[in-house]
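These numbers come from a predicted model, not from an experiment. In what follows, every chain begins at residue 1, and chains take the letters A, B, ... in the order their sequences are listed.
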Amino acid sequence: MTPKDVTVEISTKNRYDILHLCLMSIANQTVSPKEVLIYDDGECKDLREEYIYKNVFHCLENKGINWKVLEGAKKGQIWNHQAALTDSQTEWLYRIDDDNILEANVLEKLLKHTDDPKVGAVGGSVIHPDCLFNEEVTSTTIRDVHFKYAAQFAPFKGTKEVEHMYSTFLIRKSAAKHGYPLYLSKIAHHEETIFTHEMFRAGWKLIVDGEAITYHFRAPSGGIRSESDLALWDSDENKLKEKLKEWGINTNDYFFMLNMHGLGDHYVMKGILPELRQKYPNKRFLIGATYPAVFFDEQDVEVMTPMSLLQLSRKPPLDYDVYELGYKLAWEGKIEDLFRKIYGLL
Amino acid sequence: MDYSNSIILSLFARVTPEGKPCAKNYPFAEELVRELNKKYHTIQIGVKGEPILNAAETKFDLSLPELIELSRAARTFVAVDNFYPHFMNHYFPEKRGLVLFSQSDPKIFGYKQNVNLLKDRRFLRVGEEQFSFWTGTICRANAHVSYKKVAEELERIL
């Protein structure tokens, strides 16, 4: 095996309707992987009987790509990712979700970053075509894990060094000796965060190439969507919090504010910041503003577009709208008191 | 330049989303400026595209730091219910200015340190309409105080 040979590993569960798109995007890579390992955690159909898959497998073979379909551990994807660390024969292992579709040059772009012996993992941008994210809602630091999206959620020019990864990325196996957090539930929420941050803590570099684009179709069924028990998500969330505590990491706590009105309204809102700082001394302020320049002299405030703020806060815009509230209440008091009401000061 | 005796004028509000003049605009702006120019050094601030009023100086599209410095240096201001009184309340709440109201309510949008001139409360948009968009609201000249009254009130402030 030559040093840069790559094994692709895919854990899949009852997503036969989309898995072939993923596999074809692998077959169409400008630089081919050596092998594809498919861990089937679902029905374990013999896909060679399906005409689409029969042709997909031939496409892989015609490109010199070996492939195997293995019966998964059926304990959740994380057990399959762990198995791939030993099943694969190459130093580089490329984990791809079964609903990821790669642009043709992704593997080629990722491999360019593997010459650096300190690189433990390399990923590209993972774009959700039905919900585009702006770079400003992402963060490279694990301190933002509860409020912002990982750096891979939005495309950008160039590369970034990050503290954790998301979804799909290329792993150097010698950086993965700590293994996956198998103590998580079968949905393994935050498994990539914990797995890759351990690499970071061990001194490995994690790189994101913003121009290596993978599309994440977020299949509505199959995979972890087969699980409806919200307690599993909560349990994994708590395990992440325990891990953060163990690592001595205090995550950033944000206070969201939004103003989509006029310039004067922005100044009124700016006027209540001192009171909010007093009430929430440990919070960082994230403001979605149509007039961002108003906050140029506020040191501890991060300003972004209103749409980005709404993507992070996941609340409807009317929840922040003083004019909507004023109209509803037929308000006769001061406008600044309406802002105080919206933001919990009154 | 020494602006310590200057009066900043901000007599137009943002155009409506349809690109029409806002009903909060002062309809006697030209007459007012002519009157004030007799005694004061006037500076019109605003954005490109607004009517130019022949103030002693016209300063459009100032950056916020520039506007802060100019406002710090000037003696006082005359503004409609636009961004400027809110801006001044934030940066210079000790400065007393003159704010010209017509259909918006100074009890809601005004500040106690200013002289909030309202001709008559019967011209106000009713109740919850204070919080509606200004689209479709017509400027009613008779809802505004006269320019002579504005000049008199300014004299009283100074």
- Message: Please determine whether the number of non-hydrogen atoms from other residues, nucleotides or ligands lying under 6.0 Å from atom NZ of A/Lys341 exceeds 12.
- Response: no
- B/Tyr91 and A/Phe296 have their tightest heavy-atom pair at OH-CE2, 3.8 Å
- Is the number of heavy atoms from other residues, nucleotides or ligands within 6.0 Å of CZ (B/Phe60) greater than 12? yes
- Query: In this structure, are over 12 heavy atoms from other groups packed under 6.0 Å from B/Ile138 atom CD1?
  - Reply: no
- Item | A/Asn250, CG atom: more than 12 neighbouring heavy atoms under 6.0 Å | no
- Taking A/Lys334 for the side chain and B/Lys107 for the main chain, is one N or O donor matched with an acceptor at less than 3.5 Å? yes
- Message: Between B/Leu64 and A/Phe295, is there a side-chain heavy-atom distance shorter than 4.5 Å?
- Response: no
- Message: For the CD atom on B/Glu18, are there more than 12 heavy atoms of other groups (residues, nucleotides or ligands in this structure) within a distance under 6.0 Å?
- Response: yes
- With chain B, which of A/Lys270, A/Lys328, A/Glu332 has the greatest number of heavy-atom pairs at distances under 4.5 Å? A/Lys270
- Query: Which bit of B/Pro106 comes within less than 4.5 Å of chain A, counting heavy atoms only: side chain, backbone, both or neither?
  - Reply: backbone
- One option among B/Tyr84, B/Phe131, B/Tyr111 has the most heavy-atom pairs under 4.5 Å with chain A, and it is B/Phe131
- Message: Within a 6.0 Å radius of atom CZ on B/Arg121, are there more than 12 heavy atoms belonging to other residues, nucleotides or ligands?
- Response: yes
- Message: Tell me whether B/Arg125 at atom CZ has more than 12 heavy atoms from other residues, nucleotides or ligands lying less than 6.0 Å away.
- Response: yes
- Heavy-atom closest pair (B/Phe109 atom, A/Tyr323 atom, distance to 0.1 Å) is CE2-OH, 3.7 Å
- Hey, what do you get for NE2 (B/His90) to CE (A/Met269), rounding to the nearest 0.5 Å? 11.5 Å
- Item | Proximity breakdown for A/Leu325 and chain B, heavy-atom pairs closer than 4.5 Å | neither
- Query: Does a sphere of radius 6.0 Å around NZ in B/Lys149 hold more than 12 heavy atoms from other residues, nucleotides or ligands, not counting ones at 6.0 Å or beyond?
  - Reply: no
- Using non-hydrogen atoms and a 4.5 Å limit, figure out which bit of A/Glu336 sits close to chain B: side chain, backbone, both or neither. side chain
- Write down the atom of A/Tyr327, the atom of B/Ser132, and the distance for their closest heavy-atom approach. CE1-OG, 3.4 Å
- Message: At a 4.5 Å cut-off on heavy atoms, which part of A/Asp297 comes close to chain B: side chain, backbone, both, or neither?
- Response: side chain
- Which atom of B/Phe83 lies closest to which atom of A/Tyr267, heavy atoms considered: CD1-CE1, 4.2 Å
- Reported NE2-to-CZ distance for the pair A/His266 and B/Phe87, which is rounded to 0.5 angstrom: 14.5 Å
